[in-house]
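Chain identifiers are assigned alphabetically (A, B, ...) following the order of the sequence lines, protein sequences preceding nucleic acid strands; residue numbering begins at 1 within each chain. On a predicted model such as this, the values are computed, not experimentally measured, just so you know.
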Protein chains: 2
Amino acid sequence: MAVQLDEIDVRLLRELEADADRPNVELARIVGLSPAATLNRVRRLKESGVIRKIAARLDSAAAGFTLQVYVMVTLARHDEAAENRFNREVAAIDNIIAADGVAGETDALLMIAARDVAELQVVLSRLSTRAGAQRLITLLRLGEIKPSSPLPLRATSVQSRRAS
Amino acid sequence: MAVQLDEIDVRLLRELEADADRPNVELARIVGLSPAATLNRVRRLKESGVIRKIAARLDSAAAGFTLQVYVMVTLARHDEAAENRFNREVAAIDNIIAADGVAGETDALLMIAARDVAELQVVLSRLSTRAGAQRLITLLRLGEIKPSSPLPLRATSVQSRRAS
DNA sequence: GATGAAATAGCATTTGC
DNA sequence: GCAAATGCTATTTCATC
């Protein structure tokens with residue numbers, strides 16, 4: 001399941017997680033390979049699915065979203081129909097910028113961005129009514145303690161590889 | 001504070017949030033500008049801070065991190081020294097891949113990636129001991145309900161701009 | 001103040017090794 | 001994985017609206 005990575009792959013991934021806005025030749029210099037070899041490795045990492053995508057990370061506040069909140073959701077019911085309904089509502093609400101199903105204190109954790117309290121209020125009430133949330137716990141994001149950081153990757157220890 | 005964005009900026013940002021792994025000429029075609037003008041706009045969006053960075057998003061599971069958990073932390077004390085200590089510990093623990101300070105049920109929300117339960121256990125106990133956490137609530141991430149989605153940006157309504 | 005078109009320099013990508 | 005070669009792109013320049 002997990003993709004095999006050697007030391008160079010790990011270095012490439014770390015660099016790309018930190019900053020993917022650089023020419024391939026610079027990456028090549030960093031990892032000590034030729035541009036062609038570097039390009040091949042990056043392509044393989046994309047195809048293997050380890051790299052999901054290359055994307056811009058925006059500053060929500062600078063873009064006008066002064067309110068960022070995490071909302072923990074407990075569903076009223078847990079049958080498949082209720083979950084599908086919830087998932088559809090979550091997908092349809094633009095201010096929910098990401099959502100994960102979780103196990104523990106609650107059933108789901110949502111990330112929400114809003115321009116003002118009124119906008120947030122609309123989202124929360126829609127979750128309570130149409131989405132079937134029984135209980136909402138809201139955490140107002142005050143600021144960043146640790147910025148989004150690279151995964152602590154390690155090279156896969158050397159071992160013979162069976163044919164796939 | 002919030003940067004002024006017109007319709008073309010919004011379209012550029014939406015495209016770059018979804019996929020920044022494309023040549024500038026393609027972006028130019030999408031938004032209907034020349035490559036030069038497109039490049040200028042993207043550069044300005046980076047300099048203004050709306051675009052924080054362009055980065056690779058990895059698939060944690062494919063990279064070997066089968067356990068992804070959110071941890072809500074309540075600090076034992078809230079003086080500045082305790083907070084600094086906590087922040088330093090969080091920064092030093094590689095498995096914590098992001099952390100936000102919050103207001104509400106708890107004081108902080110951490111995102112953690114671990115290869116196995118033993119690795120997770122080390123992080124949690126270090127938080128309880130050295131980092132000064134009084135209470136930890138762990139949410140095991142089961143799966144994605146909604147993938148990381150673009151911010152619901154709107155163009156700033158036309159208006160005269162005062163000198164900065 | 002920003003755009004478009006043309007020109008240059010640099011890079012991505014392929015091919016053969 | 002490397003080196004060389006090709007084609008395309010990024011980036012600048014300058015005229016223009």
Legend entry - Base versus backbone protein contacts along nucleotides 6-17 of chain D [heavy-atom cut-off under 4.0 Å; B, S, -]: ---SSBB-----
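Between A/Leu33 atom CG and D/dA3 atom P there is a gap of 11 Å when expressed in whole angstrom units. For the pair B/Asp9 CG and C/dT3 C1', the computed distance is 14 Å after rounding to whole Å. Nucleotide D/dC2 holds its C1' atom 13 Å from the CZ atom of A/Arg41, rounded to whole Å.
Legend: salt bridge (charged side-chain N to carboxylate O under 4.0 Å, His left out) pairs involving residues 95-105 of chain A, not counting sequence neighbours, sorted by first then second residue: A/Asp100-B/Arg141.
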Inset, instruction - Let me see the working for B/Asp6 and B/Arg41 under salt bridge (Lys or Arg N to Asp or Glu O under 4.0 Å), right down to the final yes or no. - result: CA-CA 11 Å; B/Asp6 66 14; B/Arg41 277 174 177 267; 3.0 Å; yes
Legend entry - Working for side chain to side chain donor-acceptor pair (under 3.5 Å), residues B/Arg115 and B/Thr66: CA-CA 5 Å; B/Arg115 292 180 181 77; B/Thr66 53; over 6 Å; no
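Other members of a hydrophobic cluster containing A/Val122 are absent, since no ILVMFWY side chain comes under 4.5 Å of it, directly or through relayed contacts.
By the 4.5 Å heavy-atom criterion applied to side chains, A/Ile51 and B/Arg57 are not counted as neighbours.
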Report all side-chain donor-acceptor pairs from residues 89-98 of chain B shorter than 3.5 Å, counting only partners two or more places apart or in another chain.
{"residue": "B/Glu89", "atom": "OE1", "partner": "B/Arg126", "partner atom": "NE", "Å": "2.9"}
{"residue": "B/Glu89", "atom": "OE1", "partner": "B/Arg126", "partner atom": "NH2", "Å": "3.3"}

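Of the residues in residues 44-54 of chain B, those placing a heavy atom less than 4.0 Å from an atom of DNA chain C are B/Arg44, in numerical order.
To the nearest 0.5 Å, atom CG of residue A/Asp19 and atom CD1 of residue B/Ile54 are 8.5 Å apart.
Across A/Leu75 and A/Asp107, no two heavy atoms sit closer than the pair N-OD2, 2.8 Å.
Across its full length, the helix from C/dG1-D/dC17 to C/dC17-D/dG1 shows an angle of 40° between the axes of its 5 terminal pairs at either end, rounded to 10 degrees.
B/Met111 and B/Val73 sit in two unconnected hydrophobic clusters of ILVMFWY residues. Membership requires side-chain heavy atoms under 4.5 Å apart, directly or through other members. Hydrophobic clustering keeps A/Leu142 apart from A/Leu139 (ILVMFWY residues linked when any side-chain heavy atoms are closer than 4.5 Å, directly or through intermediates).
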